[in-house]
Amino acid sequence: MNKSATQSGRTKAGGITIIRYRGVVKRYGDFQALSGIDLDVHAGEVVCLIGPSGSGKSTLLRCTNGLESIEGGDIEFEGTALPRDERELRAVRTRMGMVFQSFELFPHLTALANVAEGPRTVLRKHAAEANRRASAMLAKVGLADKAPNYPSALSGGQQQRVAIARALAMEPDVMLFDEPTSALDPETIGEVLNVMKQLADEGMTMVVVTHEMTFARRVGDWIAVFDAGRIVEQGPPEQIFDAPTTERTRDFLSHLGWTG
Amino acid sequence: MDFDFSVITDHLSFLGSGIAITLLLSVLSGTTSLIAGFFVALFRLYGPRWLKPLVVLYIDSMRAIPVLVVLVWTFFALPIIAGVTMSPFMAALIGLTVHLAAYAAEIVRAGVESVRPGQSRAALALGMSRAQIVRRIVMPQALVRMLPAFGSLLSITIKDTAIASVIAVLELMRQSETLAGQSFQPIEVFSFAMLVYFLMLFPVTRGVDMFYRRVAHLGRS
Ligand SMILES: Nc1ncnc2c1ncn2[C@@H]1O[C@H](COP(=O)(O)OP(=O)(O)OP(=O)(O)O)[C@@H](O)[C@H]1O
Ligand SMILES: [Mg+2]
């Protein structure tokens with residue numbers, strides 16, 4: 001694919017490139033989980049990664065913040081290749097927020113302490129400053145009143161919103177979401193998607209792995225369709241959902257019952 | 001058959017000193033084996049590669065050798081090898097600690113390994129270092145999860161102190177044997193000893209269980 005073909009219909013493509021993937025290869029032993037991923041994420045964009053189970057979406061997210069190392073290609077974050085050194089990698093991670101399918105709140109800490117943990121331990125803020133920031137972030141996700149609660153006393157949707165607040169408290173430049181609503185009851189999915197929509201509206205750069213096609217269609221600026229470790233098609237949502245150019249994309253969407 | 005429990009009341013201070021020694025030995029060996037076990041587990045989990053086979057050998061051998069043999073060896077053989085003299089109490093403390101620390105280490109290791117990897121991943125994603133993650137995220141949860149097993153280990157510790165009677169530590173069992181022999185009233189004396197052990201252990205196991213039920217959610221990720 002040439003440059004103009006991959007970028008047409010991309011309204012925010014003029015901005016700075018926050019993440020640039022070039023020929024990214026990831027192997028687990030003999031198994032190749034990613035076979036040459038090319039993708040750009042620009043400032044303020046919401047890039048949605050969709051595709052069947054096992055196609056490598058989570059793997060790409062984990063490579064993005066160095067939770068997994070790559071065997072080939074490059075990942076650049078804000079113009080610099082991801083460092084290999086553990087200490088430098090930690091500095092990069094503080095600028096990327098990550099939200100997991102299974103929330104992964106720390107069960108021994110209150111909601112407030114969960115959100116304050118990063119600023120306190122990693123950014124070395126004073127307790128008062130860390131708590132102030134944490135309170136503000138909990139308020140932002142609509143959970144100011146849940147500050148003293150432990151995760152065990154929160155619903156799934158509330159836990160995921162606290163997890164989003166925990167990532168935001170680091171004031172990241174980009175947010176990585178790995179199927180943030182897949183473990184939720186249908187009635188609480190909306191509250192999490194609303195928070196994500198609000199973030200997108202505020203101009204947060206986001207990479208979102210999701211099976212919520214309605215969200216990807218409405219909030220996504222750019223959609224990448226994964227299959228077997230490759231991006232089989234990428235483009236603006238109108239193209240992917242209304243006029244997919246590959247058989248793979250059509251198969252995947254019809255499999256989900258997507259009718260447009 | 002007539003029972004005469006005056007043998008107990010007449011020798012309360014004699015038996016009481018045995019109870020005191022049992023409690024002291026329990027508390028001391030319980031504490032030292034916990035601390036030692038903690039470090040052994042840290043070595044096994046995070047230590048240098050060359051150290052791990054040694055740690056595993058230690059743990060496996062302690063699980064294979066009866067605590068009675070360890071105590072007797074510590075009291076009769078160790079002083080000769082090391083060229084030191086050792087009181088029976090000291091030998092019992094060392095022997096029990098060496099034995100129980102292996103079990104404590106396995107409890108700590110199982111606790112740490114039971115914390116889901118997603119927790120470490122979330123902490124890594126925040127930018128935390130490995131050491132910070134162990135200290136602030138994994139260990140606190142693991143400690144909560146270890147509580148029931150530590151409760152059992154503590155009761156095993158109290159019970160195992162009775163074995164120290166064979167190397168002449170003047171704890172409850174030893175004092176009871178002496179008194180039973182002198183008074184020819186083994187039924188009364190040994191029944192009393194059983195009752196005392198039960199009264200020491202019951203609140204410990206119950207207390208740990210109740211405490212665990214209150215804090216279990218703090219370790220549930
Ligand atoms: N640690 C690992 N070791 C070995 N194989 C792995 C590992 N992690 C992922 N894989 C494999 O890599 C492939 C891609 O996995 P990945 O989790 O990225 O898929 P995914 O697109 O996120 O799927 P899903 O929608 O189910 O989350 C899968 O076949 C998976 O089995
Ligand atoms: Mg996944």
Side-chain angles (χ1 to χ4, degrees), chain A residues 58 61-62 64-68 86-110 113-124 130 149-154 159-160 162-164 166-172 174-178 183, chain B residues 34 38 41-42 45-49 104 107-151 207-221:
Chain A
S58 302
L61 276 199
R62 288 194 204 144
T64 307
N65 65 357
L67 291 180
E68 299 277 3
E86 190 63 28
R87 179 183 294 268
E88 291 173 46
L89 204 50
R90 286 208 297 275
V92 170
R93 286 186 188 132
T94 62
R95 292 187 280 141
M96 300 186 190
M98 194 170 207
V99 175
F100 302 84
Q101 180 176 348
S102 48
F103 328 137
E104 301 299 347
L105 287 187
F106 306 132
H108 60 297
L109 301 177
T110 62
N114 260 281
V115 182
E117 180 66 21
R120 186 107 178 81
T121 320
V122 180
L123 304 179
R124 307 217 168 266
N149 289 39
Y150 284 93
S152 56
L154 298 174
Q159 289 189 53
Q160 193 60 299
V162 173
I164 293 172
R166 175 175 69 180
L168 290 176
M170 298 295 287
E171 299 182 342
V174 58
M175 288 281 287
L176 312 173
F177 292 86
D178 192 356
Chain B
L34 268 190
F38 205 80
L42 287 184
L45 285 165
Y46 309 112
R49 196 175 288 267
I107 292 172
V108 173
R109 182 175 69 99
V112 166
E113 286 179 346
S114 76
V115 177
R116 351 193 293 187
Q119 289 282 300
S120 297
R121 219 175 286 136
L124 277 175
L126 282 175
M128 293 172 80
S129 68
R130 299 270 169 194
Q132 285 173 331
I133 293 169
V134 171
R135 212 172 57 237
R136 297 189 57 93
I137 305 299
V138 174
M139 264 315 160
Q141 297 179 47
L143 280 175
V144 172
R145 287 158 174 247
M146 292 170 205
L147 268 176
F150 274 146
V208 171
D209 278 356
M210 277 165 58
F211 180 65
Y212 176 67
R213 245 174 276 141
R214 287 185 46 186
V215 299
H217 71 100
L218 297 177
R220 211 176 284 140
S221 53

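Chain A is the first sequence line, chain B the second, and so forth, proteins listed ahead of strands; every chain is numbered from 1. Values below: every heavy atom of this structure, side chains too, minus hydrogens, waters and symmetry copies. Owing to the predicted nature of the structure, the values given are computational and were not obtained by experimental measurement.
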Tell me the closest heavy-atom pair linking [X] and [Y], and the distance in Å.
X        : Y        : value
A:Val122 : B:Met128 : CG2-CG, 3.5 Å
A:Arg90  : B:Gly127 : CD-O, 3.2 Å
A:Phe106 : B:Ala122 : CE2-CB, 4.2 Å
A:His108 : B:Ile137 : CE1-O, 3.7 Å
A:Phe100 : B:Ala125 : CZ-CB, 4.2 Å
A:Met170 : B:Leu126 : CE-O, 3.3 Å

Worksheet item: Which residue out of A:Pro107, A:Pro151, A:Pro172 racks up the most heavy-atom pairs below 4.5 Å with chain B?
Response: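 If we count pairs closer than 4.5 Å to chain B, A:Pro107 comes out on top.
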
Item to complete: Pick whichever of A:Leu176, A:Leu67, A:Leu89 has the most heavy-atom pairs under 4.5 Å with chain B.
Response: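 Most heavy-atom pairs under 4.5 Å with chain B: A:Leu67.
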
Item to complete: Just give me the residue among B:Gly219, B:Pro140, B:Ser129 that pairs up with chain A most often, heavy atom to heavy atom, under 4.5 Å.
Response: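 Among the listed options, the one with the most contacts to chain A is B:Ser129.
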
Fill in: Test: B:Arg136 and A:Glu117 ion pair at under 4.0 Å
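Result for this pair is yes, salt bridge flagged.
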
Worksheet item: If only atom types and distance count, is the side chain of A:Glu104 paired as donor or acceptor with the main-chain N or O of B:Arg121 below 3.5 Å?
Response: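 Pair absent, no side-chain N/O of A:Glu104 close to backbone of B:Arg121.
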
For a quick test of your reading: what N or O donor-acceptor pairs under 3.5 Å do the side chains of residues 91-98 of chain A make, sequence neighbours left out?
unit_1  : atom_1 : unit_2  : atom_2 : d
A:Arg93 : NE     : A:Asn65 : O      : 2.7
A:Arg93 : NH2    : A:Gly66 : O      : 2.8
A:Thr94 : OG1    : A:Ala91 : O      : 2.5
A:Arg95 : NH1    : A:Glu78 : OE1    : 2.4

Worksheet item: Does any heavy atom of chain B fall under 4.5 Å from the side chain of A:Tyr150, the backbone, both, or neither of them?
Response: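 Side chain only.
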
Worksheet item: In terms of heavy-atom proximity below 4.5 Å to chain B, should A:Leu105 be classed as side chain, backbone, both, or neither?
Response: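 A:Leu105 touches chain B through backbone heavy atoms alone.
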
Worksheet entry | Within 6.0 angstrom of B:Phe211 CZ, more than 12 heavy atoms from elsewhere |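 Open.
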
Practice prompt. Give a yes or no on this: more than 12 heavy atoms of other residues, nucleotides or ligands lie within 6.0 Å of atom CZ of B:Arg116.
Written response: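 Result for CZ/B:Arg116: enclosed.
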
Worksheet item: Relative to chain A, which segment of B:Gln119 carries a heavy atom at a distance below 4.5 Å: side chain, backbone, both, or neither?
Response: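 Both backbone and side chain of B:Gln119 come within 4.5 Å of chain A.
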
Discussion item. Is a donor from one side chain sitting under 3.5 angstrom from an acceptor on the other, for A:Ser152 and B:Arg220?
Written reply: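 No, B:Arg220 and A:Ser152 have no side-chain donor paired with an acceptor closer than 3.5 Å.
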
